[in-house]
Amino acid sequence: MDQMMTFFSDYGDQLLFKTWEHLYISFIAIALGIIVAVPSGVLLTRAPKLANGIMALVGVLQTFPTLAVLAFFIPLIGIGKVPAIIALFIYSLLPILRNTYTGVKDLDENLKEAGRGMGMTVKEQIMHVELPLAIPIIMAGIRMSAVYLIGWATLAAYIGAGGLGDFIFDGLNLFKPEFILAGAIPTTLIAIILDFLFGRLEVALTPKGIRDKNATKNPA
């Protein structure tokens with residue numbers, strides 16, 4: 001306890017700055033993943049012949065070790081936040097893309113047909129029928145991706161991107177447990193809080209009828 005108090009006294013400002021860096025890297029990567037993967041997932045439902053190949057490609061990228069992907073970008077882009085964000089963005093794609101594709105593809109065809117019967121354009125059908133009904137599955141992918149990325153972002157410290165990983169690796173190198181805890185505990189708390197916030201966003205975005213149906217299936 002004394003070691004932790006001394007740490008906060010000496011490194012409190014740095015801890016706040018490293019937490020901000022960690023959030024900055026993670027949030028940009030997650031935002032890019034959502035911007036790219038959600039529309040791509042919807043488009044793939046219109047091109048099922050391409051879907052399996054693209055899913056397989058993204059899945060292969062996901063299997064690459066995080067450090068290997070980070071190191072790959074060093075000779076191309078250098079070190080710092082940009083290669084870290086690109087690498088984390090790549091890792092964010094698969095859960096969001098797969099869940100978006102599955103959520104839209106598996107919707108009841110009668111609901112899609114009802115939208116077409118009402119004279120909706122393809123864009124209107126996507127925005128007012130398909131995405132709202134698929135929100136619970138899409139958000140599950142986003143939540144999974146976000147939690148993973150918060151943890152993976154600690155490795156960005158290896159290429160000079162900063163974040164809470166700096167404390168973890170300094171603690172490992174210097175054999176100082178308080179440094180490791182100062183990096184690991186905030187990372188875990190951020191992941192838990194982010195998952196909770198995305199969960200609340202999922203509830204807010206899910207149409208009331210779908211929420212009621214899910215509540216009936218899964219009573220408290």
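Position 1 is the first residue of the sequence; numbering continues from there. Both backbone and side-chain heavy atoms feed into the values below; hydrogens, waters and symmetry mates do not.
The side-chain heavy atoms of Val147 and Phe198, taken from C-beta on, include no pair separated by under 4.5 Å. Side-chain contact between Ile190 and Thr19 is present, with at least one heavy-atom pair separated by less than 4.5 Å. Between Ile142 and Leu201 the shortest side-chain heavy-atom distance does not fall below 4.5 Å. Residues Val38 and Ile96 are in side-chain contact: their nearest non-hydrogen atoms beyond the backbone lie under 4.5 Å apart.
The two atoms that bring Pro186 and Leu15 nearest to each other are CG-CD1, 4.3 Å, heavy atoms only. Looking at every heavy atom in both residues, Leu70 comes nearest to Ala84 through CD2-CA, 3.8 Å. Here the shortest heavy-atom pairing between Gly165 and Ala157 reads C-CB, 3.5 Å. Residues Ala134 and Leu107 share a closest heavy-atom pair of N-CD2, 4.4 Å. Across all their heavy atoms, Leu94 and Gly59 have their closest contact at CD2-CA, 3.8 Å. Between Leu44 and Ala51 the shortest heavy-atom distance is CD2-CA, 4.0 Å.
The aromatic rings of Trp20 and Phe17 sit parallel to each other, their planes meeting at less than 30°, with 60° as the upper class boundary. Taking the six-membered ring for Trp and thresholds of 30 and 60 degrees, Tyr158 and Phe169 have ring planes inclined between 30 and 60 degrees apart.
Heavy atoms of other residues, nucleotides or ligands lying less than 6.0 angstrom from NZ of Lys105 number 12 at most. The 12-atom threshold is not exceeded at CG of Asp13, counting heavy atoms of other residues, nucleotides or ligands nearer than 6.0 Å. Within 6.0 Å of the OH atom in Tyr148, the count of heavy atoms belonging to other residues, nucleotides or ligands does not exceed 12.
Shown here are the side-chain contact (heavy atoms from CB on, under 4.5 Å) partners of Thr187, two or more places apart in sequence or in another chain: His22, Ile150, Thr154, Leu164.
Once rounded to the nearest 0.5 Å, the distance linking CD1 of Ile137 with OG1 of Thr206 reads 10.5 Å. With rounding to the nearest 0.5 Å, the separation of CD1 in Ile28 from CG in Leu149 is 12.0 Å. Atom CE of residue Met118 and atom CD of residue Glu124 lie 9.5 Å apart, to the nearest 0.5 angstrom. Distance check: Leu194 CG to Ser26 OG gives 8.5 Å after rounding to the nearest 0.5 Å. Taking CG of Leu50 as the start and CE of Met55 as the end, the distance is 11.0 Å to the nearest 0.5 Å. For the atom pair CE (Met120) and CD (Glu130), the distance works out to 10.5 Å, reported to the nearest 0.5 Å.
Under the 4.5 Å side-chain heavy-atom criterion for grouping Ile, Leu, Val, Met, Phe, Trp and Tyr, Val36 is connected to Ile54 within one hydrophobic cluster. Residue Val42 is grouped with residue Met127 when hydrophobic side chains (ILVMFWY) are merged at heavy-atom distances under 4.5 angstrom, including chains of intermediate members. Put simply, Leu205 and Ile126 are part of the same group of oily side chains (I, L, V, M, F, W, Y) that touch within less than 4.5 Å, one to the next.
Thr100 places no side-chain N or O within 3.5 Å of a backbone atom of Leu97 that could act as its donor or acceptor partner.
Evaluation of the ring-ring contact (aromatic ring centres under 6.0 Å, His included) test over residues 123-143, restricted to residues two or more places apart or in two chains, returns none.
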